[in-house]
Amino acid sequence: MAKVKIPENKVQELKDLCASYNNEPGELINVLHGAQGMFGYLPAEVQEIVADQMNVSVAHVYGVVTFYSFFSMLPKGKHPISICMGTACYVRGAEKVLDEFKRHLEVKVGETTPDGKFSLSCLRCVGACGLAPVVTIGERVYGRVSPEDVKGILGEY
Amino acid sequence: MNLVKLTIDNKPVVVENGTTILEAAKSIGVRIPSLCYMKMDDMNFENKPGGCRVCVVEVEGRRNLAPACKTECTEGMVVNTHTVRVINARRTVVELILSDHPAECLTCAKSGECELQDLAQNLGIREIHYTGEQSHYKGDQSPAIIREMDKCIMCRRCETACNEVQTVGVLSAVNRGFESVVAPAFEMDLDHSVCTYCGQCVAVCPTGALTERDYTWKVIEALVDPTKTVVVQTAPAVRAALGESFGMEPGSLVTAKMVSALRKLGFDYVFDTDFAADLTIMEEGTELLDRLNRHLNGDQEVKLPILTSCCPGWVKFFEHQFPEMMDVPSTAKSPQQMFGAIAKSYFAKKLDKKREDLVVVSVMPCLAKKYECTREEFSVNGDPDVNVSITTRELAQLIRNANLDFASLPDDDFDQPMGESTGASVIFGTTGGVIEAAVRTAYELHTGKILEKVDFKELRGMEGSRKATVDFDGLKLNIGIAHGLGNARKLLEEVKAGKSEFHAIEIMACPGGCIGGGGQPYHHGNVDILKKRQRAIYEEDKGKPIRKSHENPFIQELYKEFLGKPMSDLSHELLHTHYFDRKKKAEVE
């Protein structure tokens with residue numbers, strides 16, 4: 001794992017985040033959620049600072065980070081792509097859409113393209129089953145996506 | 001107190017409200033098999049994740065089987081612990097565990113002591129009906145502990161020991177589903193983590209997932225090398241537990257047979273770590289009095305309380321967790337290392353040999369000692385003061401290897417000069433012992449009077465942290481004692497906050513002290529075994545003709561011939577050490 005150096009001001013921001021939850025160990029998931037929002041992912045160094053602030057072991061923080069698929073220790077791409085694998089999307093061909101993204105980007109699920117532009121992940125239901133299959137890129141939502149649309153969607157970025 | 005009445009296997013039983021079925025059954029002699037469950041009241045150890053489902057029982061009127069370790073008794077409950085349905089469920093559970101467990105029993109270090117193996121045997125499992133993928137994890141070999149997580153059954157006992165009891169926080173369940181495993185943060189190896197090597201995880205592991213690094217072969221190699229003089233030292237707690245490995249009652253004192261066995265194994269000199277424990281008292285006791293007198297004379301700089309430093313698990317704990325307090329513990333080395341340093345200087349000179357010609361082997365109740373002797377500051381030009389440290393269990397293994405019938409060995413005595421010891425040194429093996437030994441000597445050195453009553457009952461016991469005031473002829477000395485690193489942490493926080501009322505604190509990393517060390521014969525959660533070992537230790541002390549460290553004639557001779565006096569320059573060079581800041585800090589740009 002490559003060593004990451006966190007800028008001093010970001011460290012303070014992270015500590016403030018922990019403090020906003022009173023450094024309460026029970027708030028760990030919320031803190032990690034916020035931290036991932038700040039950094040885009042949760043490198044070891046971030047977990048160490050969080051553990052230190054919240055008075056829990058680093059092993060415990062790492063345990064939580066690795067348990068929830070939402071948390072990632074790999075940097076996300078500039079445009080994170082999520083393909084919904086919920087029941088509705090799945091039966092309407094989400095897997096074929098996913099395969100098409102994998103083929104175009106030449107990455108696996110959970111990976112980021114070498115240029116850092118795109119990262120690929122799956123999620124379970126965004127609550128827009130009427131639009132199945134659904135793909136989100138960053139904040140944008142694409143509905144009724146077919147494998148043929150993939151190339152065009154990627155071309156927008 | 002609310003009581004509930006229920007029936008277990010047709011036997012009526014009355015228990016306190018809140019009692020689990022497992023505990024209620026135990027109270028009337030009904031044994032319900034369990035696996036992940038472990039509870040040791042005196043040790044603050046309770047592990048009942050309800051994960052393994054081996055302890056399921058049938059409760060009348062309840063649709064599903066109930067895990068006995070998690071289910072509380074209710075009024076009028078009718079419980080059956082051995083119905084066909086229950087037995088079949090247990091068999092299925094164990095078969096499923098075995099289906100993802102390496103079938104390496106014949107060569108597994110835990111064979112014969114494995115709780116999963118026992119369970120499979122008791123259930124008569126001869127075939128595993130479930131085949132499928134097996135989980136594989138990265139192995140990990142530290143100087144003291146081996147992690148073979150393929151053998152882990154996720155009982156989480158090690159986590160409870162590491163996090164709840166010891167508050168070290170190295171281990172956690174990580175990942176999810178089939179990939180889940182107990183591991184340090186970022187799945188790093190133990191020797192990169194804040195692990196203290198106390199070995200309490202090993203002491204409670206039901207299978208062979210966590211075991212000690214076995215150095216018995218290194219000992220055999222040294223013993224057969226004609227160019228080496230092999231010296232062995234045995235820690236006080238070993239003699240109170242070794243017998244258990246040969247079917248003897250817990251609490252059997254086997255000092256004389258142990259010496260006999262070591263001689264038969266071929267050690268050139270059979271010495272005693274107790275000798276070095278007496279030496280530790282001379283140095284540590286003098287340091288205590290020195291700090292105390294400076295404090296009484298108004299020296300504001302002096303650090304009090306003084307903390308004992310005999311326990312390498314504890315030393316590594318404060319180096320990681322309290323590095324800002326590194327000048328508080330005594331600088332005295334542990335008895336193991338004092339022994340090594342004296343053996344390879346004073347004793348080597350007596351033999352007219354070079355230090356490299358000597359191999360010093362230690363037999364310890366401890367896994368952290370394996371790590372301690374690898375610390376660089378305990379070597380001279382790459383030659384360690386203590387070459388190999390083996391556990392009580394490994395000594396038992398060596399004895400079995402040599403086909404010695406332990407119970408029928410003749411009695412034998414330690415060699416001199418480094419085999420002579422006092423009652424004060426024997427009690428180093430239990431919580432409260434080091435400080436009692438220190439008090440016996442410090443009292444006489446401080447007051448110049450003879451201490452008539454050497455037993456300090458107020459310092460003894462099994463409670464996790466204790467305190468007592470000892471009267472040094474008008475000077476009231478407040479003494480704190482903690483065993484188990486979680487209890488130590490509490491006392492340390494007080495010291496850090498400047499709120500500590502103590503002049504001296506004894507700390508041992510393992511619950512019970514060394515008698516409960518990670519290298520002792522497995523207790524399988526039975527705290528009575530530790531209590532019996534403790535009684536044996538005090539028994540040995542009582543039987544000793546000399547019971548104060550400074551009266552050990554060979555210690556007196558050592559100072560006269562070689563060291564000069566406690567805390568002399570040579571003593572500082574050989575018997576004292578320094579500590580390192582091991583706190584992990586995140587890198588900041």
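By convention in this document, chain letters (A, B, ...) are assigned in the order of the sequence lines, proteins followed by strands, and residues within each chain are numbered from 1. All values below come from the heavy atoms of this structure, side chains included, with hydrogens, waters and symmetry mates left out.
Crowding of A:Phe39 atom CZ: a count of heavy atoms from other residues, nucleotides or ligands under 6.0 Å exceeding 12. Few gaps surround CG on A:Asp149; more than 12 heavy atoms of other groups in view lie less than 6.0 Å from it. Within 6.0 Å of NZ in A:Lys96 there are 12 or fewer heavy atoms belonging to other residues, nucleotides or ligands.
Interface residues of residues 172-185 of chain B toward chain A, defined by a heavy-atom distance below 4.5 Å and sorted by number: B:Ser172, B:Ala173, B:Val174, B:Asn175, B:Arg176, B:Ala183, B:Pro184, B:Ala185.
Residues passing the salt bridge (Lys or Arg N to Asp or Glu O under 4.0 Å) test with B:Lys110, sequence neighbours excluded: none.
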Solution key, residues 112-127 of chain A side-chain donor-acceptor pairs under 3.5 Å, sequence neighbours excluded:
unit_1   : atom_1 : unit_2   : atom_2 : d
A:Thr112 : OG1    : A:Pro75  : O      : 2.8
A:Thr113 : OG1    : A:Asp115 : OD1    : 2.7
A:Thr113 : OG1    : A:Lys117 : N      : 3.3
A:Thr113 : OG1    : A:Phe118 : N      : 3.0
A:Thr113 : OG1    : A:Phe118 : O      : 3.1
A:Asp115 : OD1    : A:Lys117 : N      : 3.0
A:Lys117 : NZ     : A:Tyr157 : O      : 2.9
A:Ser119 : OG     : A:Gly77  : N      : 2.9
A:Ser121 : OG     : A:Ile81  : O      : 3.4
A:Ser121 : OG     : A:Ser82  : OG     : 3.2
A:Arg124 : NH1    : A:Met85  : O      : 3.4

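Sorted by first and then second residue, the side-chain hydrogen bond (donor to acceptor under 3.5 Å, both in side chains) pairs involving residues 152-161 of chain B (not counting sequence neighbours) are B:Asn47-B:Thr160, B:Glu115-B:Arg157, B:Arg156-B:Glu159.
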